There are 2 protein chains.
Amino acid sequence: MKDVAAAAGVGLKTVSRVVNGEAGVSEATAGRVRAVIEQLGFRRNDGARLLRQGARTGSVGLLLEDVADPFYSQLSRAVEEVVRAHGSLLLTGSSAEDSARERELALGFCARRVDGLIVVPTSADHGYLAPETAAGTALVSVDRPMPGLEVDTVLADNRAGAVAGTAHLLRQGHRRVGYLGDAPDIFTAAERLAGYRQAMADSDCPVEEPWIAMGRPDPLGIRFALARMLTGPTPVTALMCGNNRTTVAVLRELAGRQEHPALVGFDDFELADLLAVPVTVVAQDPTLMGRTAAELLFRRLRGEPAAPQHIVVPTRLIPRGSGELPP
Amino acid sequence: MKDVAAAAGVGLKTVSRVVNGEAGVSEATAGRVRAVIEQLGFRRNDGARLLRQGARTGSVGLLLEDVADPFYSQLSRAVEEVVRAHGSLLLTGSSAEDSARERELALGFCARRVDGLIVVPTSADHGYLAPETAAGTALVSVDRPMPGLEVDTVLADNRAGAVAGTAHLLRQGHRRVGYLGDAPDIFTAAERLAGYRQAMADSDCPVEEPWIAMGRPDPLGIRFALARMLTGPTPVTALMCGNNRTTVAVLRELAGRQEHPALVGFDDFELADLLAVPVTVVAQDPTLMGRTAAELLFRRLRGEPAAPQHIVVPTRLIPRGSGELPP
DNA sequence: AGTGTCGAGGACAACGTTGTCGTTCGTGGC
DNA sequence: GCCACGAACGACAACGTTGTCCTCGACACT
């Protein structure tokens, strides 16, 4: 900017005025300055601007488990749209379910002075973010609650969804239903497992422990779990899958086996309706969740709600065939 | 930091030294300063730091069509991994194929002084980025070349892939093959269409214009296009689809129709192998493309290659069934 | 005791902006 | 001719850091 001022033969402040469209510059001068700016390819340094103004940086951080997961990538897109509508930019990071990595990214974002942070928290304590919220950084937790900090939170109705999915299978006449879910220290996984147990209990169906398999969805683990569930002395006739990754892994494994148990998946996924047996799912609305979280963040930045909000987004059972198979 | 210095009863610079782990501070003082930092929840303002140092900001911008598209979300994740390995942060934006929006985002990133920009360019001229590259911002174009600017570029071998996919159908005995692709002003769409035409010509198969449908993949457009291709006087017996979105839309539309033409899709997609008729695809490697682009960016930041690099990532035909159906 | 040396720590400027306040100059009214 | 006034513009400080250079005291050596 100094260079521009020198080249245009005007003062520093005049260039600043032109750049910011402020009044008090004659059209002749402004034109000359603009020409020099164009010629020199000058762009204002937002870092310095923000430093001076002490204002918002116009950027928001989004921290989730994995951008490549369709659930999160849809959520991410929804967040982006809201952020964009507010004229802000979005920093994204994948925690890969590693709390150290999450923390590192979150603090990195804060060092860049993001206005707010939208986080899909890992299960570790998030007290380290307290100074940031105290310093005015808005914080919204999405998909899971944030352990160790009272913040705005947007959750799916995991338990009710799992109850609905499991109950749907039971209504088809199944009594032995298996459950495959993510690692139980993940909030959603635990909630959905609880929903499954509740639905089973509500229908007086005792649950045998071999019917339950919890863990990060890897093909081998799924294979063993399915073998145990489907070929034991009391084989299950139906499966409830706790998330899209697991559902897909199960479908892939089932494709290589003889058994064709009924199946309901938590999370909708593309092409679920086009499979040989279309897959019944308990659909979440990642777009709505992302949008809600982002809007909550900007409401918070406007200083609107006094107490932390807790919003629960309902799920929806979509019968497509796999969940309507008889025992 | 001023507050920390005051509270700890030391000078500003001493706090700075502690924060940066510089020598010249006694352990006693350093401990005291660290305690105050902890207590006050102080975090260094990276904006000011970078302003002072005039150095790299440790951030990179990624601009693509749509984070929610599985192809781009995988690419995005790969970029993120490399960026993280270099200790940088990632700003992400979706252009939604809108060049004005892309430009706005790109300039926004540059105002934040990102060290580099990885872009999936729209078809508009990108000369506006010339001043940025001149100012030292690294720039890499991925998935498509960047019109109007000579930059590092990572492309898939679109034409060869489309040739391979189309030739594969022709080898099954098809002579009338239809092509459905994205809007022809998109580089990849045009390249792949050209590959299709070339393969047809190589096998002396004349192409009739109703067999070709180019445009943004919307269900209605696909429906009309398929009706035209499949029910005209010279109906096609096979389809080549130009991208994952189109392939999925076509599959969905075909599911509601009687005809079951052979089909090869450009881009692999999850569950392609689990459909009623598993889908033969020309697979790209979005992870490799993303990683390559990001590594190129950091090489450029280290000042390594003199001239802009052009890297072409090969595609791979994966026969699964749909492409092996006879006429 | 005087001098040199070294470690600890502070004062100050500068990075690129913008808010505040002042200066200059032209115009219009008396 | 004088003054008031407003428009156009510039000088300067400040934002939070860090690099440079300085001071101060302790200690060892002559």
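Chain A is the first sequence line, chain B the second, and so forth, proteins listed ahead of strands; every chain is numbered from 1. Computed from a predicted structure; not experimentally measured.
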Can B:Arg103 and B:Glu132 be counted as an ion pair, charged N to O under 4.0 angstrom? no
Who are the side chain to side chain donor-acceptor pair (under 3.5 Å) partners of B:Ser76, not counting sequence neighbours? none
Whether A:Arg144 and A:Glu65 form a salt bridge (side-chain N of Lys/Arg under 4.0 Å from carboxylate O of Asp/Glu) is what I want to check. yes
Could you tell me which residues satisfy side chain to side chain contact (heavy atoms under 4.5 Å, CB included) with A:Ala106, sequence neighbours excluded, listed by chain and number? A:Leu63, A:Leu117, A:Tyr128, A:Leu129
Going by an N to O cut-off under 4.0 Å, is there a salt bridge joining A:Arg101 and B:Glu81? yes
Interface with DNA chain D, restricted to residues 2-16 of chain B and to heavy atoms under 4.0 Å: B:Leu12, B:Lys13, B:Ser16
Give me, pair by pair, the N or O atoms of the protein and of nucleotides 23-25 of chain C that are less than 3.5 Å apart, along with how far apart they are.
none

Taken in chain and number order and not counting sequence neighbours, the residues that satisfy ring-ring contact (aromatic ring centres under 6.0 Å, His included) with A:His86 are A:Phe298
Spacing of A:Arg113 atom CZ relative to D:dG16 atom C1', expressed in whole Å: 9 Å
Separation of atom CZ in B:Arg52 from atom P in C:dC15, rounded to whole Å: 8 Å
Grab the two heavy atoms, one from B:Leu296 and one from B:Val154, that are nearest each other, plus how far apart they are. CD2-CG2, 4.0 Å
Separation of D:dG16 atom C1' from B:Gln53 atom CD, nearest Å, is 12 Å
Within residues 36-45 of chain B, the residues having a heavy atom closer than 4.0 Å to DNA chain D are B:Phe42, B:Arg43, B:Arg44, B:Asn45
Once you round it to whole Å, what is the distance between C1' of C:dT17 and CZ of B:Arg112? 15 Å
Please write out the pairs of protein N or O atoms and N or O atoms of nucleotides 24-28 of chain D separated by less than 3.5 Å, giving the distance to one decimal.
none

Just checking B:Glu304: does its CD atom have more than 12 heavy atoms from other residues, nucleotides or ligands closer to it than 6.0 angstrom? yes
My understanding is that only residues two or more places apart in sequence, or in another chain, count here; which of them pass side chain to side chain donor-acceptor pair (under 3.5 Å) with B:Thr92? A:Thr92
Is there a side-chain polar atom (N or O) of A:Thr29 under 4.0 Å from OP1 or OP2 of D:dA8? no
Select from B:Leu51 and B:Glu22 the residue whose nearest nucleotide in DNA chain D is closer to the 5' end of that strand. B:Leu51
Which residue, B:Ala48 or B:Ala23, contacts DNA chain C at a nucleotide closer to its 5' end, judged by nearest heavy atom? B:Ala23
Could you state the CZ-P distance from A:Arg17 to D:dG10, rounded to the nearest angstrom? 8 Å
Picking from D:dC9, C:dA8, D:dT17, the nucleotide nearest the side-chain atoms of B:Ser26 would be C:dA8
With a 4.0 Å cut-off on heavy atoms, is A:Asn20 in touch with a base, just the backbone sugar-phosphate, or nothing at all? sugar-phosphate
Sorted by chain and number, sequence neighbours left out, side chain to side chain contact (heavy atoms under 4.5 Å, CB included) with B:Leu155 holds for B:Pro145, B:Thr153, B:Phe187
Go through the structure and list residues passing side chain to side chain donor-acceptor pair (under 3.5 Å) with A:Arg112, not counting sequence neighbours. B:Asp46
Output the rounded distance in Å from CE (B:Met1) to P (C:dG9). 16 Å
Using atom types as modelled, flag every donor-acceptor pair under 3.5 Å from a side chain in residues 1-15 of chain A to any protein atom, sequence neighbours excluded.
none

Review item, side-chain donor-acceptor pairs of residues 21-30 of chain B, under 3.5 Å, at least two apart:
from, atom 1, to, atom 2, distance (Å)
B:Ser26, OG, B:Thr29, N, 3.3
B:Ser26, OG, B:Thr29, OG1, 2.7
B:Glu27, OE2, B:Arg34, NH2, 2.9

Heavy-atom distance under 4.5 Å between the side chains of B:Arg56 and B:Arg113, does that happen here? no
